[in-house]
Structures are given as C-alpha cells and as structure tokens.
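Read the numbers this way: they start at 1 and go in the same order the structure lists the ligands and their atoms. Note that this is a predicted model, so its numbers are computed, not measured.
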Amino acid sequence: MLVPKGCLGKGPPDGKLAFFNWRGKVVRDFTVLAYDAYSEAFPEPFSFADPLAGVGARSIRVALECKKSGHLFVNDVNPLAMEAARLASQRNGVHGKMSFHAEEAGLFLAELSGRRERVDIVDIDPFGTPAPYVEPALRALKDGGLLSVTATDTAILCGIHPQVAFRKYLGVPLRSEYCVEVGLRLLLAMVVRKGLAFDMAPRPLFAHADQHYMRVYCSFELSASKANLAVGHLGYVLHCFKCGHREASPSAKERCGRCGGTMQAAGPLWTSDLHDSYFLKRMSASAREGPFLRFLTILDRASSEVGLPPYFFKLPKLTAALKSPGHSPSKVVEELSKIGYRAAVSSVDPQGIKTDASIEEIIAILKASNP
Ligand SMILES: C[S@@+](CC[C@H](N)C(=O)[O-])C[C@H]1O[C@@H](n2cnc3c(N)ncnc32)[C@H](O)[C@@H]1O
C-alpha cells in the first residue's frame with residue numbers, strides 16, 4: 001500500500017494530507033471475509049463503490065483479495081488521496097479494474113444511480129457519523145445489494161450526547177454497560193429505516209465493533225411487503241437503573257416489572273438478530289482457509305448470540321455489586337445452559353453474557369458458584 005508521507009499521524013488530516021488509518025486493518029480483514037461470503041453464490045464478479053475511500057486501502061484489498069471482485073469505483077473528495085490510491089493500484093497491479101473519482105460522496109453516489117450504474121456493494125466509511133451518506137448509498141445499490149456502514153462517533157452511539165444521537169440516528173441510545181450493542185442496533189435501525197422509505201427490505205448479515213468503530217453489513221431487497229414485515233423488527237430496549245432489569249419491547253413503557261422503578265427506553269433499535277447464521281458460516285469457512293483464523297472467536301461468538309435478546313449483562317458489574325470475586329464468562333454461560341437457559345458470551349464484549357435468563361437468575365448462579 002502506498003501512503004502519502006505525513007498522513008500516518010494521529011487524528012483526521014488537515015485537508016492537505018490524505019487519510020490512512022493503520023488501525024483499520026482488522027475492519028478491512030472482516031470486509032474481505034464478508035464480501036467473499038456475500039458474493040460466494042454470484043455467477044459474475046461483483047461491482048463495488050467506495051465513496052469515502054481515503055487512499056483506497058479497502059478498495060485495493062477488495063480488488064486483490066476478494067475472490068469475485070469486479071469493477072471498483074473509488075472516490076474521495078480529496079484529490080491527493082485519489083492520486084495515492086491510483087499509484088497504489090498500479091503498484092499492486094489492480095488499476096485495470098478500478099476507476100478513480102474526486103467528488104463529494106453524495107454527489108458521486110447520486111451520479112452512479114443517475115447513470116444506472118448501480119453496484120452490488122457500497123461501503124460507507126466516513127469520519128464520524130455515516131448518516132448523511134446512507135440514503136445516496138441505498139440509491140446506488142442494485143436490488144439485493146449489500147451496504148456496509150461504519151460509524152466512528154462511538155461516544156454518540158453510546159449515549160454521551162443523546163440529542164446528537166437522535167438527530168443523526170433517529171433514536172435514543174442508552175448509556176449503560178452494554179451501550180456498544182445498543183449503539184450497533186441504533187446504527188442498524190437508522191440504516192434499515194432509510195431503506196424502508198424506499199421499499200427496500202433489510203437482511204442484516206453481520207455487525208462488529210470495538211472502541212473506535214461500529215460497523216454493520218446489511219443487504220436490501222426491493223419489496224414493499226417484506227419491508228412492511230421488517231417494521232416488526234424495530235423496537236426498544238428498556239433498562240431499569242434501579243435494579244438492573246432489562247427487556248426488549250415493541251413499545252416504550254415506564255415502570256419496571258421487577259422493582260417498580262423507572263424504565264429508560266433506548267430506540268427505535270433493530271431488536272432482532274444482528275447476524276445471519278448462514279452468512280457467518282460462510283465467513284468462518286473463508287477465515288479457516290486464509291490468514292484470518294484469529295477472527296473465528298468473534299465469528300463463533302456472533303453465531304452463538306443469534307436468537308438471544310438484544311442486550312447483555314456485564315459480569316464485572318454484577319460481581320462488583322455482589323462484592324464477589326471474578327467469574328469466568330464461559331463458566332457462567334455453561335451454568336446457565338445447564339439449567340435450561342440460552343446463553344452466550346457477547347461478540348462485542350468478552351465480559352458480556354447474553355442470555356434469556358433474568359438478572360435474578362444470573363445473580364443466583366454467581367452466588368452459588370463463588371470461585
Ligand atoms: C475515514 S476516511 C476513509 C478511510 C478508508 N475507507 C480506509 O479504509 O482507509 C474518510 C475519508 O472520507 C473523505 N471525505 C470526507 N468527507 C467527504 C465527502 N463529503 N465526500 C467524499 N469524501 C469525503 C476524507 O477525505 C477521508 O479520506
């Protein structure tokens with residue numbers, strides 16, 4: 001990868017330099033696995049648009065590493081970034097399948113849809129919120145296309161400034177120990193709701209996060225009737241800060257059924273699964289073949305959380321309240337499973353337990369199994 005000298009510093013560039021985020025490697029690794037999983041059954045190579053490409057690191061990896069990558073439209077408003085991307089594509093021998101553009105992302109995507117050059121996959125990877133780019137990205141997608149969306153304003157999605165979250169993500173976050181999962185669900189709900197306005201029915205495929213980003217993969221099929229059904233997957237997570245009870249609900253309600261305290265509502269969120277089991281199987285199969293074996297833990301955890309409620313319990317928070325020493329998350333999952341509950345370690349927090357058991361039942365297990 002060719003990166004212009006001086007753009008490796010910390011924080012966003014000053015406008016003269018191009019942007020390269022060395023921390024983005026893991027996200028790009030997952031991108032390759034996800035796009036391969038998505039395009040596995042394609043008879044033809046897939047087309048790809050990267051409207052906020054920086055120096056083109058993701059596009060070049062997609063061109064080089066994805067088994068079925070076809071034409072790639074690479075764009076960044078910064079012409080210096082595009083110059084670097086073009087040079088890097090030549091060095092890597094993939095320039096023949098790429099075109100380079102230096103336009104505003106929304107305009108670039110509108111032109112793709114205007115010219116009826118819609119693509120199979122669009123990736124949105126801005127500084128901060130992806131909100132302004134989702135609608136033009138959806139317009140530029142083919143029927144059945146895949147949208148991958150990154151948000152780096154994780155503090156907003158975690159509830160630091162709820163008004164900003166409401167403006168950008170059309171809903172309310174939850175400042176809690178499982179704010180990352182709620183943030184992912186709020187991000188996905190925003191993407192889904194923008195699609196529903198175009199009669200595009202969503203199929204969430206995979207989501208992941210760390211402290212610097214949240215990212216979702218969702219495909220869309222043009223179908224008003226399926227879009228109507230998708231509305232049923234939007235709802236709220238209600239949390240009682242008095243007793244720690246939490247639940248998913250189609251509507252916001254005020255009183256905690258456990259202690260009578262006030263329930264705080266987060267949403268509208270995507271409250272059904274964040275991942276598709278079959279898609280994860282295909283990602284895992286690719287991960288086993290290539291240099292991505294280390295991602296199997298996250299993919300396995302994502303697989304185990306399918307069908308579980310849209311929140312988790314953070315073990316250290318529970319054990320601190322009980323003044324009990326640390327417990328192993330996998331041991332607690334095992335204990336919950338033994339007595340008939342579904343449980344898994346969260347894919348976004350190794351100390352998070354996702355389960356259909358209530359907080360009382362988890363506490364009972366922690367008390368009974370003091371290490
Ligand atoms: C987070 S970086 C992209 C990183 C890149 N996708 C990667 O994998 O390394 C965001 C990029 O968006 C570009 N950008 C910001 N606003 C833009 C806009 N409105 N239109 C097009 N590009 C924009 C910036 O110049 C920057 O290079």
- Message: Test your reading of the structure: does Pro126 have an N or O sitting under 3.5 Å from an N or O of ligand 1?
- Response: no

(Q) Tell me whether Asp76 has any N or O atom under 3.5 angstrom from an N or O of ligand 1. (A) yes

Within the 4.5 Å heavy-atom criterion, are Cys256 and His239 side-chain neighbours or not? no

>> In terms of relative ring orientation, are Phe206 and His208 parallel, tilted or perpendicular, with 30° and 60° separating the classes?
In response: parallel

Checking heavy atoms under 4.0 Å, the part of Glu103 that sits near ligand 1 is backbone

Check contact between Tyr133 and ligand 1, using heavy atoms of the residue and a distance below 4.0 angstrom. yes

Out of Lys25, His101, Arg58, Arg28, the nearest non-hydrogen contact to atom 9 (O) of ligand 1 is supplied by Arg28

So for Tyr213 against ligand 1, with non-hydrogen atoms under 4.0 Å, the contacting part is neither

inquiry  = Looking at ligand 1, is there an atom of it that comes within less than 4.0 Å of some heavy atom belonging to Gly24?
reply    = no

Establish, from distance only, whether the side-chain atoms of Lys97 and Ser69 form a donor-acceptor pair under 3.5 Å. yes

Applied to residues 329-368, the ring pair (Phe, Tyr, Trp, His ring centres under 6.0 Å) test, sequence neighbours excluded, yields none

*Hey, is the main chain of Ser347 close enough, under 3.5 Å, to the side chain of Glu305 for a donor-acceptor pair?*
yes

